[in-house]
2 protein chains.
Amino acid sequence: MAKAPDELYRARFLVEQLKISDKYLRRLMTDLSKAGFIRSIQGRDGGYVFAKSIANIHLSEIVDAVEGMDKYLGCVLGFEECSDDNPCVMHSAWLPMREKLLETFSNKTLADLDFEHVNKY
Amino acid sequence: MAKAPDELYRARFLVEQLKISDKYLRRLMTDLSKAGFIRSIQGRDGGYVFAKSIANIHLSEIVDAVEGMDKYLGCVLGFEECSDDNPCVMHSAWLPMREKLLETFSNKTLADLDFEHVNKY
DNA sequence: CTAAAATAATACCCTCAAGTAGTATTTGAA
DNA sequence: TTCAAATACTACTTGAGGGTATTATTTTAG
Ligand code: SF4
Ligand code: SF4
């Protein structure tokens with residue numbers, strides 16, 4: 001969609017392109033629309049359109065909308081309880097990574113992705 | 001083990017400490033010993049000892065030994081085929097992360113981890 | 001010789017997240 | 001008022017990874 005961000009896309013079409021199940025797509029799209037990235041138009045001749053400029057859609061926001069960004073900020077070692085005063089052995093070593101990850105996903109927007117030389121989704 | 005790297009540790013003991021299954025522990029330990037990090041001593045009064053200084057054991061090597069480092073260098077999006085000339089949309093955005101990850105795991109050694117203020121494993 | 005240790009190989013189980021499927025409802029242009 | 005679209009909710013399937021279990025073998029101090 002980001003290739004031609006002003007078009008209207010109907011679910012049917014997207015499902016064919018992405019080769020995923022109808023219901024699954026709709027679930028995701030609904031999530032995204034609730035998050036305000038796209039606008040969903042119901043009724044006949046409905047579909048999905050971007051609701052804001054793709055330059056204003058940060059990757060972290062998308063992740064948050066569909067699965068929760070927190071997941072990726074958790075521990076490498078998979079511990080539940082985690083704080084600076086109850087650290088695991090990796091704590092200090094891992095911190096810079098977390099920073100970098102957060103930074104990457106927070107700074108990059110949809111517009112930063114390279115949709116031109118790409119033939120897989 | 002890295003807390004007192006010169007001791008001999010028997011499987012029985014480690015199993016109790018880590019609360020994981022006997023067989024599982026042994027599998028891991030055997031992997032590690034094959035990789036040359038620890039030496040396994042068979043027979044009665046046997047056990048496991050470090051075979052090299054913990055300052056010479058890089059995290060990436062450990063991961064390689066037990067599950068394969070490559071796993072973590074793959075794509076964010078989970079595509080199989082991936083190369084610079086068949087990139088996915090995230091390719092350029094993701095590269096720095098991969099670098100950082102590789103760097104972290106390659107540079108840090110067991111000795112860099114903080115075993116002092118830690119009470120969970 | 002024997003007991004206590006590690007090794008080996010293989011099959012099994014369990015859980016969880018990703019994805020599918022079913023079915024009924026609402027919306028709105030023509 | 002009809003029809004094609006999106007929504008909502010719930011149940012199901014599936015696959016992979018992390019971990020267990022079994023059983024049999026080998027090693028070595030005492
Ligand atoms: S203390 Fe740090 S490294 Fe350890 S589990 Fe928590 S966040 Fe992860
Ligand atoms: S092209 Fe880059 S971002 Fe895309 S799947 Fe391959 S490694 Fe990952």
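Computation of the quantities below employed the complete heavy-atom set of this structure, encompassing side-chain atoms and omitting hydrogens, waters and symmetry-equivalent molecules. Letters A, B, ... are given to chains in the order of the sequence lines, protein chains preceding strands, and every chain is numbered from 1.
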Can you tell me how far [atom2] of [N] sits from [atom1] of [X], to the nearest Å?
| X | N | atom1 | atom2 | result |
| --- | --- | --- | --- | --- |
| A:L18 | C:dA18 | CG | C1' | 15 Å |
| A:R27 | D:dT10 | CZ | C1' | 10 Å |
| B:K34 | C:dA9 | NZ | C1' | 10 Å |
| B:L25 | D:dG18 | CG | P | 16 Å |
| A:E67 | C:dC16 | CD | C1' | 14 Å |
| A:K23 | D:dA5 | NZ | C1' | 14 Å |
| A:Y24 | C:dA17 | OH | P | 13 Å |
| B:L28 | D:dG18 | CG | C1' | 10 Å |

What's touching nucleotides 26-30 of chain C from the protein side, N or O pairs under 3.5 Å?
{"from": "C:dT27", "atom 1": "O4'", "to": "A:Q42", "atom 2": "OE1", "distance (Å)": "2.9"}
{"from": "C:dT27", "atom 1": "O2", "to": "A:G43", "atom 2": "N", "distance (Å)": "3.0"}

*Nearest-0.5 Å distance that lies between atom CG in B:L25 and atom OH in B:Y48*: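 Rounded to the nearest 0.5 Å, the CG-OH separation comes out at 6.0 Å.
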*If you round to the nearest 0.5 Å, how far is CG of A:D6 from CE of A:M1?*
10.0 Å
*Do A:D114 and B:H91 come within less than 4.5 Å of each other through their side chains, counting heavy atoms only?*
no
*Would you call A:R27 and A:D31 a salt bridge, using N to O less than 4.0 angstrom?*
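So A:R27 does not pair with A:D31 through a salt bridge.
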Is any side-chain N or O of [X] closer than 4.0 Å to OP1 or OP2 of [N]?
| X | N | result |
| --- | --- | --- |
| B:Y48 | C:dT7 | yes |
| B:T30 | C:dT7 | yes |
| B:S40 | C:dT7 | yes |

*Touch check for A:R12, heavy atoms < 4.0 angstrom, all strands: base, sugar-phosphate only, or nothing?*
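Sugar-phosphate contact only.
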*Under 4.0 Å between any heavy atoms, over every strand shown, what does B:R10 touch: base, sugar-phosphate, or nothing? Just pick one.*
sugar-phosphate
*Would you mind telling me which residue lines up with the more 5' stretch of DNA chain D, B:I20 or A:Y9, judged by nearest nucleotide?*
A:Y9
*Does A:E61 reach the main-chain N or O of A:H58 with its side chain, forming a donor-acceptor pair under 3.5 Å?*
yes
*Would you say the side-chain atoms of A:D112 pair up with the backbone N or O of A:T109, donor to acceptor, closer than 3.5 Å?*
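Yes, A:D112 side chain to A:T109 backbone: donor-acceptor pair under 3.5 Å.
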*Heavy atoms from other residues, nucleotides or ligands near NZ of A:K19 exceed 12 (cutoff 6.0 Å)*: no
